[in-house]
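Notes to accompany the following structure.
Remember, it's a predicted structure, so these values are computed and weren't measured experimentally. Order of the sequence lines fixes the chain letters, A, B, ..., with proteins taken first and strands second; residue numbering starts at 1 for each chain.
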Amino acid sequence: MREPSTPEGSAPRPLSEERRRAEVTSGLPKRYDPACFEPKWQSFWEEKQLFRAPELDGAGPHWTIVFPPPNVTGVLTFGHSLQGTTEDLLCRWQRMKGLPTLFLPGLDHAGVATQMAVRKDLEKKGVNVGTLSREELHARIEEWRHEKERYIRRQLTAHGLSMDWSRYVYTMEPRYSEAVRTAFLTLYREGLVYRAERMINWDPKLRTALSDLEVIPTETQGKLWYIRYPDTDPARAARGEGFVVATTRPETIFGDVAVAVNPKDERHGPWVGRKVLLPLTDRGVPIITDEAIDPTFGTGALKVTPSHDRVDHEIALRHPELPSKRDTIDDRGRLEGEFVPERFRGMERFAARKAIVEELRGQGLLVKEELHVHNVGHSERSEVPIEPRLSTQWFVDTSKMGLRALESVRKGEVRIIPERWLKTYYNFMENLEPWCISRQVVWGHEIPVWYCDLCKAHDAFEVPPKACPKCGSEALHQDPDVLDTWFSSWLWPFATLGWPKRTGDLARYYPVSVLGTGSDIVFFWVARMIMGGLQFLDTPPFPYVYLTGILTDRQGRKLSKHLGNSPDPIEIIQQWGADAFRFALLFPLPVEDGGAWDPQKMMEGSRNFLTKVWNLTRLVEPATSSLADSSPPHLEEAPLMDRWIASRWSHTAQEVEDRLSRFDLTGAAGVLHQFLWHELADWWAEAAKERLSGRAGKGPQEQAARTGAAVLERTLRLLHPFVPHISEELWTHLPHTGESLAVAAWPSAAELPSDVGAEATVSAWMEIARGLRTLKADAHLSPSARPVAFARPRTAAAAALLQVPEVAAVTCAVAGAASFQFLAGDAPPEGARALVTPSAEVFLVPPAGAAGSSGESSALRKERDLVSDLLSKTRARLADATFRGKAPPKVVQEVEAKEKELSERLRLLEEHLRAPETEPSA
RNA sequence: GGGCCGGUGGUCUAGGGGUGAUGACGGCGCGCUUACAACGCGCAGAUCGGCGGUUCGAAUCCGCCCCGGCCCA
């Protein structure tokens, strides 16, 4: 295991000269230690520029993935690791298949979030942020950016991601800003970007507008206050008459313009049309009706506050007689304005809430107060409760673009994987709201709009105008706001390739081949990119969206920097190696709680697998040193096991290819894991060991070496996209051609022959070998005991084994027996324990006097009970006339064959149970 | 309020009409057998959330219910 080294995360450590020499002379080190070669290969790939996408002109075959740009706010999390790994896998796979491949890295300036982070950082350092000018703040953010950028790049490299750093893009660099400006201007000229006063989400702490997506509904324990709005008639009011309204936000009361009830609500019928007094004021408000009112909530009456609630605003718009605006809360969240009584002005909203409730209580207007849990929108950035507010902002009209993006997915031009996200996508796109894109912060792309101070006209410009085109005045000022970060992100698939310029890269590498990202940003990013690609290039930006899961911690919370529950990937990589980390991400291993990430458990599993790969290579490698390449031997004449493993490899290669094509990355990893460990290592290697060692002679050794090299070298090629470093390292120790596995050819299943006969024969043999192992354990023999073994074939495949010369030796090796022989019709030897498998009867004679070798064969008895049970079930089925009548003939035949096999097997089992060999032998 | 997803051995998971339910981890037993104890071999452990239906046949399809989780209001 690697020592966790420098806390900051070490840069790739060069291999010591001593170690390098040692490796060359003595083959592979005994221990799998990723620290010894991962950094070496990362530098090698970088030096040779193997991941630099070729510069090609014109459209043509290509494979492009743009990495979802991490935010410059901090360092990468496991979520980025997962994305990077899946995308790198796809890129390495396609690169090996020979496509011009571009894996493009980048960085997002992340507007509001970054400004927040830098502010916090500066405050911690004692800088008075308030005194900094816009330019000074920009400079500070740039410093921050450079620092984070360097670390993020190191993190990505440490994963072994095959990115083309020569094409790195940062969203605030000039050419990207130009793309943002162009997008804004284009939409502005088409009237798709407009300025309007709307109800928006206001963050009173950051004092900026936010889009709907940046508002996080949070379940909050609040209260519901029942407030009596007194009758306008003072006499009645004095008697306590009035109309009771329930509200969660009493502090907005001064902004009320009406009280609304549902028109169908009979309880309130008599009140409709009358006026009540607004508490704590001398103003009256009418009681109106509106369909939107839920009669079951509170008293069934809602106070209408058009400036501070979305629903209320809409109600007010439906009732033209009411004012649709009455601001009583300012941009800092304080009560202000002519409608607020003097004594409350300047109060912060929650303090005001308290004060108002107290005063209502004092005046006897507070009828009751109950606890109430509800969802309150909180700012994703500052986490304070959002204040809905009427404000003039810039919006994107998404109605037409949204429809087009919806159609594109409906038509299958863009496929979403896994498909279940389709419905979520549809649901969202069918209910699109205008997208608020202006932010009242300083960090971000400036809005290219200028206002004339003289004639008040405004317009958008490509370059800053000298004078107002309308009145000629030179007194102009630019819009002080900046654009929502996502307004630059949605251009990512093409702005990174040079758009709006018509670059060679844009022609060649657009559209992106597959967009991989976490399912949490389907709406933020994916939906908008589809809109953007269609709007600006008339082409969907990608044919596939591959959504990865979201990693969670033990409490089921999303891993994030923010919660501090996401370890730095570099720490994991230092401890376990990049390959083990990558494999763990792709091959979900058991964990404690639901979907939770337990590093120890997951990493151990994948590290153990890689150790297996390592040691298997150590077994095969020595015998292969004289081979010039990994071309397969003449397999037609090869030993059974060699033909079998070649055939299994071929199926594995096909399966991996199929699964990768379907984006079943986990499945592909599983298939490789299964093949390498449980076929190649457990069976082939165990059987071929003797030959590989040379003890069986030169010819057999070379044969085994050729097969081993051919299969293992090709398996490493299949493995490379998953675990690039170890595969590259081991590959160089085996016969191979080419300088790097990263650019070696992806193998096709046809490279090794499939052999149905060999597979059937080996399956039968495996049953025999397993049966002998079971018998050996059943007889309480120690693994080092060497009993004598026999088998009597029951099937053609098992009988074919009689013809295989090496089968006896191989069976002995695998089952740990002294000798192995087939019995034709002969009686089983005296004192033998027996078991009946579907393919053969197997017998084991314990060595004389072996400890614990006596005793009943519980295995035989258990097998008998099981088979007898199955047989009666099978017979019951066959006895059922409806089954025979209605089931397809093929199924009936299968069941009949099964009945035959089971009854024969049962007969044999019982025969052996009666036989004397199960008696304690002397 | 609307929408989506899931519930399979102790844990995590595969399988999405054909009857011995996959695998891994953990557990138990035996072993350091010259690739690998970061390992090998064997064993135990699940009426596939509940109820009802369709079918010759249901973990798999349909309906209702219960329990988790996610998203949008």
Notebook entry, point to check: Does atom CZ of A:R415 have more than 12 heavy-atom neighbours from other groups under 6.0 Å away?
Noted result: no

Sorted by chain and number, sequence neighbours left out, side-chain hydrogen bond (donor to acceptor under 3.5 Å, both in side chains) with A:E901 holds for A:R794, A:R905

- Query: Got more than 12 heavy atoms from elsewhere within 6.0 Å of CD, A:E419?
  - Reply: no

Between N or O atoms, less than 3.5 Å apart, protein on one side and nucleotides 52-57 of chain B on the other: list the pairs.
residue : atom : partner : partner atom : Å
B:C56   : OP1  : A:K886  : NZ           : 2.5

The salt bridge (charged side-chain N to carboxylate O under 4.0 Å, His left out) partners of A:R618 (sequence neighbours excluded) come to none

Sorted by chain and number, sequence neighbours left out, salt bridge (charged side-chain N to carboxylate O under 4.0 Å, His left out) with A:E387 holds for A:R249, A:R349

Dot-bracket assigned to RNA chain B with the 3.5 Å Watson-Crick/G-U criterion, [ ] for crossing and | for other-strand pairs, is ((((((((.[[[..)..(....]]].(((((.......))))).....[[[[[..)....]]]]]))))))).

Classify the side chain of A:K423 and the base of B:C4 as holding, or not holding, a donor-acceptor pair under 3.5 Å.
no

Between A:K873 and A:K689, the residue closer to the 5' end of RNA chain B by nearest nucleotide is A:K873

B:G10 glycosidic conformation (syn if within 90° of 0, otherwise anti) is anti

Residue set satisfying ring pair (Phe, Tyr, Trp, His ring centres under 6.0 Å) with A:W202, at least two apart, ordered chain then number -> none

Those residues at least two apart in sequence (or on a different chain) that pass side-chain hydrogen bond (donor to acceptor under 3.5 Å, both in side chains) with A:N427 are none

Hits for side-chain contact (heavy atoms from CB on, under 4.5 Å) against A:S625, two or more places apart or cross-chain, chain-then-number order -> none

Distances under 3.5 Å between nitrogen or oxygen atoms of protein and nucleotides 42-46 of chain B:
residue : atom : partner : partner atom : Å
B:C43   : O3'  : A:K862  : NZ           : 3.3
B:A44   : OP1  : A:K862  : NZ           : 2.9

**Prompt:** Within 45° of the ring axis of A:Y426 and under 6.0 Å from its six-membered ring centre, is that where the NZ or CZ of A:R410 lies?
**Reply:** yes

Counting distance alone, no hydrogens or angles: does the base of B:A24 have a donor or acceptor under 3.5 Å from a partner atom on the side chain of A:Q674?
no

Filtered N/O pairs between nucleotides 6-9 of chain B and protein, under 3.5 Å:
none

Note: contacts of residues 690-697 of chain A with RNA chain B (heavy atom, under 4.0 Å) are A:R695

Residues at least two apart in sequence or cross-chain that pass side-chain hydrogen bond (donor to acceptor under 3.5 Å, both in side chains) with A:H378, listed by chain then number, are A:T218

